[in-house]
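Have a look at the structure below, then the notes.
The structure displayed is predicted, hence computed values, not measured ones.
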Amino acid sequence: MTRRRRQFSPEFKEEAVRMVLEGERTVASVAREFDINASTLGSWVNRHRIVSAQEEQLRPVSGPDRARIRELERENAELREKLIFLKKAAAFFASETR
C-alpha cells in the first residue's frame, strides 16, 4: 500500500514559514499545529532563508556603500601584493640560510 504524497500550496508554505520566522515559536510547534512533519517545515524555512539571502545580495548598492566597497577592494589588492612579496622574501632567506 503506497501513501500518496501530500502537496501544499505556496500560500500554505509561506504562512507556516512566516509563523516560524516572525513569531517566537519553534518549527516543531508550528508543524504540529499545521499537521505536517517538522523536518518538512524546517526545510521550507531553510530554503526561505537561502532565497532571502540571495535576493538581498542582488539589491543594488548605494553610492556611499559602492565607494566603500571600491576602497576595500583596493586595500585588499594592495595587501595581497604585500603578502606575495613577503612570501617570496621568506622563501629567499630560507633558501639562503641552508
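In terms of heavy atoms, Ala28 sits closest to Ala38 at CA-CB, 4.3 Å. Closest non-hydrogen pair, Leu41 versus Ala16, comes out as CD1-CB, 3.7 Å.
Atoms NE2 and CZ, from His48 and Arg18 in turn, are 10.5 Å apart once rounded to the nearest 0.5 Å. Atom CD of Glu15 and atom OG of Ser9 lie 10.0 Å apart (nearest 0.5 Å). The CD1 atom of Ile36 lies 7.5 Å from the CZ atom of Arg6; values are rounded to the nearest 0.5 Å. Here the CD atom belonging to Glu81 is positioned 12.0 Å from the CG atom belonging to Leu86, to the nearest 0.5 angstrom. Leu72 CG to Leu79 CG: the interatomic distance, rounded to the nearest 0.5 Å, is 10.5 Å. The NZ atom of Lys13 sits 8.0 Å away from atom OG of Ser43, with the distance rounded to the nearest 0.5 Å.
With respect to the salt-bridge test (charged N to carboxylate O, under 4.0 angstrom), the residues Lys82 and Glu78 qualify. A salt bridge does not link Glu71 with Arg74: every distance from a Lys NZ or Arg NE/NH1/NH2 to an Asp or Glu carboxylate oxygen is 4.0 Å or more.
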Original post:
So Asp65 and Ser62, side chain to side chain donor-acceptor pair (under 3.5 Å) or not? Walk me through it.
Top reply: CA-CA 5 Å; Asp65 289 338; Ser62 65; 3.1 Å; yes
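Atom CZ of Arg80 has 12 or fewer heavy atoms from other residues, nucleotides or ligands within 6.0 Å.
Annotation: Phe34 is in aromatic contact with Phe12 [ring centroid separation under 6.0 Å].
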